[in-house]
Number of protein chains: 2
Amino acid sequence: MIRVLVADDQALVRGAVVTLLGLEPDLDVVAEAGRGDEVLDLVRAHDVDVALLDVEMPGMDGIEVCRSLIASGMGVRSLIVTTFGRPGFVRRALEAGAAGFVVKDTPASELADAVRRVHAGERVIDGALAAESLIEGANPLTVREQDVLRAALGGAPIAVVAKAVHLSEGTVRNYLSSAMAKTATSTRAEAAVHARDRGWL
Amino acid sequence: MIRVLVADDQALVRGAVVTLLGLEPDLDVVAEAGRGDEVLDLVRAHDVDVALLDVEMPGMDGIEVCRSLIASGMGVRSLIVTTFGRPGFVRRALEAGAAGFVVKDTPASELADAVRRVHAGERVIDGALAAESLIEGANPLTVREQDVLRAALGGAPIAVVAKAVHLSEGTVRNYLSSAMAKTATSTRAEAAVHARDRGWL
DNA sequence: AACTCACCATGACATCTGTCAGGTGCAGTC
DNA sequence: GACTGCACCTGACAGATGTCATGGTGAGTT
């Protein structure tokens, strides 16, 4: 029996996935979480083999959770499941020690199989996404550029961004300018969505 | 037996929901769709009682699908299911003739119940969202303001937006300016995300 | 018929932004 | 110790942006 944990903030999706996996004879869903920061304790308490982690979660994002699970030294293997197929996510997930990465577009029938393969020690990566993240290359943005872009995501004026990241307006403009060059865009707002869509933030 | 159709672009979620509902003795999932524009034909072919429609779908969005189902004159009742609890969506869904509106945050156990109540002729609306869309009031944006904001969502410069909507740059700036006033924001990018987050676009 | 409002546009203005050229300091690394 | 790259900053400048005043059209109200 493979002991599985399912973490997803959308109760409906979580519940549905749980029943789906519960139907498999060799899988046993022993825990559920609606927030990222609940996962570690649940894994500890229930001796989980495979953790199914959504990327978008309140409390702690799925990739961070994965990292903390690795750090904990327990034998859990993480399978990241996400809505948005952003190439940058794959890279970050693998660096965090994830054993698998699938998008929610994949047929339901393949999910149980992915869990089994991950449990068996294989790496399961969505093919299309793997290819994309290869040709994409690594995240070209520096840490500060990412900070500034994150603050600029809502479209706020530069003065507000500068306050949010505790930098001078001029410095913010320079970071934005270089980010715009790297993303081949011409406004900060454009650069921000471009970076987000690639999973660089 | 209540005959149900499930439409959601994410195969995993769709499959999970289908099995979840399939377990209910009085529900029969007779059709599935991964795109909005497939729904009408499927409903026609399978004599569906209740259509579960996701808002975000390629081809045709869930609310439009709902409208087209009403227009078709068949006796289907639509239950809108969405990831994002945007108040404006509720209003639009109801205007389109939807019989119910639930977010994917709701517990899985309640979904089957919602389907039954919708089939029985009740209106099922997520409580929190209903309240929000009441205090929110109607969408204050004019049609053109919405067009322009949609084009400005990606953060493109005004010249590009103007070309996209076939208007002069000055006119675009005027529309954006009034949209910014209505949304109490100070940049077009801010106004655009603000409007999107309320379901005004 | 007078009125309101969405629609489309122009021109002028102050301000905001993005670019460029320059400078400092600090951490690696060869 | 020289070199490189990132972090921070300044100042100056052209062009983009947001505001405002103004004006015209047509659809719908009162």
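Fair warning: this is a prediction, and the values are worked out from it, not measured in the lab. Within every chain, numbering begins at 1; the chains are lettered A, B, ... in the order of the sequence lines, protein sequences first and strands thereafter.
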Could you please spell out the steps behind the side-chain contact (heavy atoms from CB on, under 4.5 Å) verdict for B:Val30 and B:Val4? CA-CA 6 Å; B:Val30 295; B:Val4 181; over 6 Å; no
Winner on side-chain proximity to A:Thr187, out of D:dT10, D:dT17, C:dC8, is D:dT17
At their closest point, which heavy atom of A:Met57 faces which heavy atom of A:Arg35, and how far apart are they? SD-C, 4.1 Å
Using a strict heavy-atom distance below 4.0 Å, which residues from residues 163-170 of chain A are in contact with DNA chain C? none
How close or far is atom P of C:dT17 from atom CD of B:Glu190, stated in whole angstroms? 10 Å
Would you indicate, yes or no, if D:dT19 has its OP1 or OP2 atom less than 4.0 angstrom from a side-chain nitrogen or oxygen of B:Arg173? no
Starting the side chain at C-beta, find the nucleotide from C:dG18, D:dG18, D:dA7 nearest to A:Ile158. C:dG18
Sequence-distant partners of B:Arg92, side chain to side chain donor-acceptor pair (under 3.5 Å), two or more places apart: none
Exactly one of B:Leu94, B:Ile80, B:Val102 should register a side-chain contact (heavy atoms from CB on, under 4.5 Å) with B:Ile125. Which one does? B:Leu94
B:Glu145 CD - C:dC8 P separation (whole Å): 11 Å
For the side chain of B:Tyr175, starting at C-beta, report the closest nucleotide among C:dT17, C:dC7, D:dC8. C:dC7
Do A:Glu190 and A:Thr183 have side-chain N/O donor and acceptor atoms under 3.5 Å apart? no
Residue among A:Asp61, A:Val13, A:Asp9 satisfying side-chain contact (heavy atoms from CB on, under 4.5 Å) with A:Asp54: A:Asp9
Has the side chain of A:Asn174 got a donor or acceptor atom sitting under 3.5 Å from an opposite partner on the base of C:dC20? yes
note: A:Leu149, atom CG; C:dG18, atom P; distance rounded to Å ~ 11 Å
Using a cut-off of strictly less than 4.0 Å, decide whether A:Thr142 has a side-chain nitrogen or oxygen near OP1 or OP2 of D:dC6. no
Out of C:dT10, D:dA7, C:dT19, minimum distance to the side chain of A:Met180 belongs to C:dT19
Nearest-neighbour nucleotide for the B:Arg144 side chain, D:dT19, C:dG18, C:dC8 considered: C:dC8
Can you check the B:Leu176 CG to C:dT15 C1' distance for me, whole Å? 17 Å
Ignoring hydrogens and geometry, is there a side-chain-to-backbone donor-acceptor pair from A:His119 to A:Val115 under 3.5 Å? no
May I ask you to evaluate whether B:Thr171 reaches the phosphate of C:dA9, defined as a side-chain N or O under 4.0 Å from OP1 or OP2? yes
Let me know the distance between CZ of B:Arg188 and P of D:dA16, rounded to the nearest Å. 11 Å
